[in-house]
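Shown next, in structure tokens, is the structure this report addresses.
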There are 2 protein chains.
Amino acid sequence: MIRVLLAEDQAMVRGALSALLNLESDIEVLGSAADGETAWRELQRLKPDVLVTDIEMPGLTGLELAQRIQRHELPMKVIIVTTFARPGFLRRALDAGVSGYLLKDAPAENLAEALRTVHRGGRAIDPQLALVAWTEADPLNDRERQVLRLAGEGLSAGDIATRLNLSHGTVRNYLSEAIGKLGAGNRIEAFRLARQKGWL
Amino acid sequence: MIRVLLAEDQAMVRGALSALLNLESDIEVLGSAADGETAWRELQRLKPDVLVTDIEMPGLTGLELAQRIQRHELPMKVIIVTTFARPGFLRRALDAGVSGYLLKDAPAENLAEALRTVHRGGRAIDPQLALVAWTEADPLNDRERQVLRLAGEGLSAGDIATRLNLSHGTVRNYLSEAIGKLGAGNRIEAFRLARQKGWL
DNA sequence: CGGCGCAAGTGACAGCCGTCATGCGGGGTT
DNA sequence: AACCCCGCATGACGGCTGTCACTTGCGCCG
């Protein structure tokens, strides 16, 4: 019997995935959580064999949850199930020691299959995404990332400078760097590109 | 027996929702489609009582699908199930004659419940969202919408002008108008606001 | 100590952006 | 005809943006 905890913020999807997994005779859904912090508590209480988690959740993301599990050396496996085919996300997930990374685009049967593979000690990583993740590295440094994130929210260089305690000109230098590295024509395009790759 | 067709692009969610609905003794999932065009064909072939559809799908969106059903006066009901709590989407959905509009944030049991309500001839609209939709109207006109959409992709005023066969200055006028109407400080903020409300 | 590298800052320049007042022509109203 | 509204255009202004060359201060390492 594979004992599973489910973390996913959208209640309807959470319920549906739970129903799906409960159809499998060798899988038992112990419980589910709607956000990262709840998942963390349930994790310690229920001690599942495998955690199946989304990435985008309020509070603590799935990636941060995986990192925390790694840091505390908890014995359970982690499978990420997400909408986002972003190389940067996969990379961070692998760094956090997850055993599986599936896209919600993949057929539903894959999930149970991945659970079994991972429970046996194997890995279940989306193959196309794995390819891309090895060839495309994030070119941005921390400052560029911060600045780009704020620029993407519509802040001006001056606003960003205030937030980060930098000078107006320095912010523009970082933005210019980021735009150049990403091959974009302006901050908006740069932001979109970086977000799409999962580098923010 | 309520006969249902499911349209949802993410295979895993599609499979999970299907599993969920099949647990209900009075509901039968006839089939499912991964995009709008497929759904449209299956709709005519299977003649379900109710179509349950996502909004964001490749090709034809759920909203466009609902409009098409309305135009052809097909006898089935439509329930929209989406991630997006955007007043503009709900408004367009109601204009397209849908009977239900649920958020994926809502508990899973709501879906079956909504199916029964709608099948009986009732409506199932997310209550909070319904409130907002009645009080917030889209202030943008067609040109402003077009211009803002392109601006959000990172195009400059000149680029947008070329695409829309307008002058450089006119595009900036429309952008300025849109920024003013939305109470934003620049095009980026304006774009984010409008998208969040479902006005793009 | 000297030198290197790195994060942050400066200043200047051209071009783009956001705003506003104003103009023009076509379509509809009275 | 006189009128007004509408979509589009123009031109000018100040501020913001993107780029680049160059400086400053600081920690590190030989």
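Only this structure's heavy atoms are used, side chains among them; waters, hydrogens and symmetry mates stay out.
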Nucleotide N/O of nucleotides 9-11 of chain C paired with protein N/O under 3.5 Å:
unit_1 : atom_1 : unit_2 : atom_2 : d
C:dG9  : OP2    : A:S167 : N      : 2.8
C:dG9  : OP2    : A:T170 : OG1    : 2.8
C:dG9  : O5'    : A:T170 : OG1    : 3.4
C:dT10 : O4     : A:N173 : ND2    : 2.9

**OP:** Evaluate whether atom CD of B:Q44 has more than 12 neighbouring non-hydrogen atoms of other residues, nucleotides or ligands under 6.0 angstrom away.
**Re:** yes
Subject >> B:D138/B:K197 under salt bridge (Lys or Arg N to Asp or Glu O under 4.0 Å): CA gap, chis, key distance, verdict >> reply: CA-CA 8 Å; B:D138 179 353; B:K197 298 285 187 183; over 6 Å; no
Whole-Å distance separating the [atom1] atom of [X] from the [atom2] atom of [N]:
{"X": "A:N186", "N": "D:dC16", "atom1": "CG", "atom2": "P", "result": "18 Å"}
{"X": "B:N141", "N": "D:dC8", "atom1": "CG", "atom2": "P", "result": "9 Å"}
{"X": "A:Y174", "N": "D:dC20", "atom1": "OH", "atom2": "C1'", "result": "16 Å"}
{"X": "B:E177", "N": "D:dA9", "atom1": "CD", "atom2": "P", "result": "15 Å"}
{"X": "A:R187", "N": "D:dC16", "atom1": "CZ", "atom2": "P", "result": "11 Å"}
{"X": "B:L175", "N": "D:dC16", "atom1": "CG", "atom2": "P", "result": "18 Å"}
{"X": "A:Q146", "N": "C:dA7", "atom1": "CD", "atom2": "P", "result": "13 Å"}
{"X": "B:E144", "N": "D:dC8", "atom1": "CD", "atom2": "P", "result": "11 Å"}

Original post:
Is a side-chain donor-acceptor pair under 3.5 Å present for B:T170 with B:N173?
Top reply: no
**OP:** Would you sort out whether A:L65 and A:V78 count as a side chain to side chain contact (heavy atoms under 4.5 Å, CB included), showing the intermediate values?
**Re:** CA-CA 9 Å; A:L65 193 53; A:V78 177; over 6 Å; no
**OP:** Give, ordered by number, those residues of residues 148-160 of chain B having at least one heavy-atom distance below 4.0 Å to an atom of DNA chain D; if nothing qualifies, reply none.
**Re:** none
Original post:
What closest approach, in Å, do B:A16 and A:L17 show between heavy atoms, and which atom pair accounts for it?
Top reply: CB-N, 3.7 Å
Hydrophobic cluster membership, with links at side-chain heavy-atom distances under 4.5 Å among I/L/V/M/F/W/Y: are [X] and [Y] in one?
{"X": "A:L155", "Y": "B:L175", "value": "no"}
{"X": "B:L74", "Y": "B:L30", "value": "yes"}
{"X": "A:L90", "Y": "A:I69", "value": "yes"}

Original post:
Does the side chain of A:R143 get closer than 4.0 angstrom to OP1 or OP2 of C:dA7 through an N or O atom?
Top reply: no
**OP:** Begin from the C-alpha positions of A:R192 and B:E153 and carry the test salt bridge (Lys or Arg N to Asp or Glu O under 4.0 Å) through to its verdict.
**Re:** CA-CA 8 Å; A:R192 287 167 55 89; B:E153 289 173 20; 5.2 Å; no
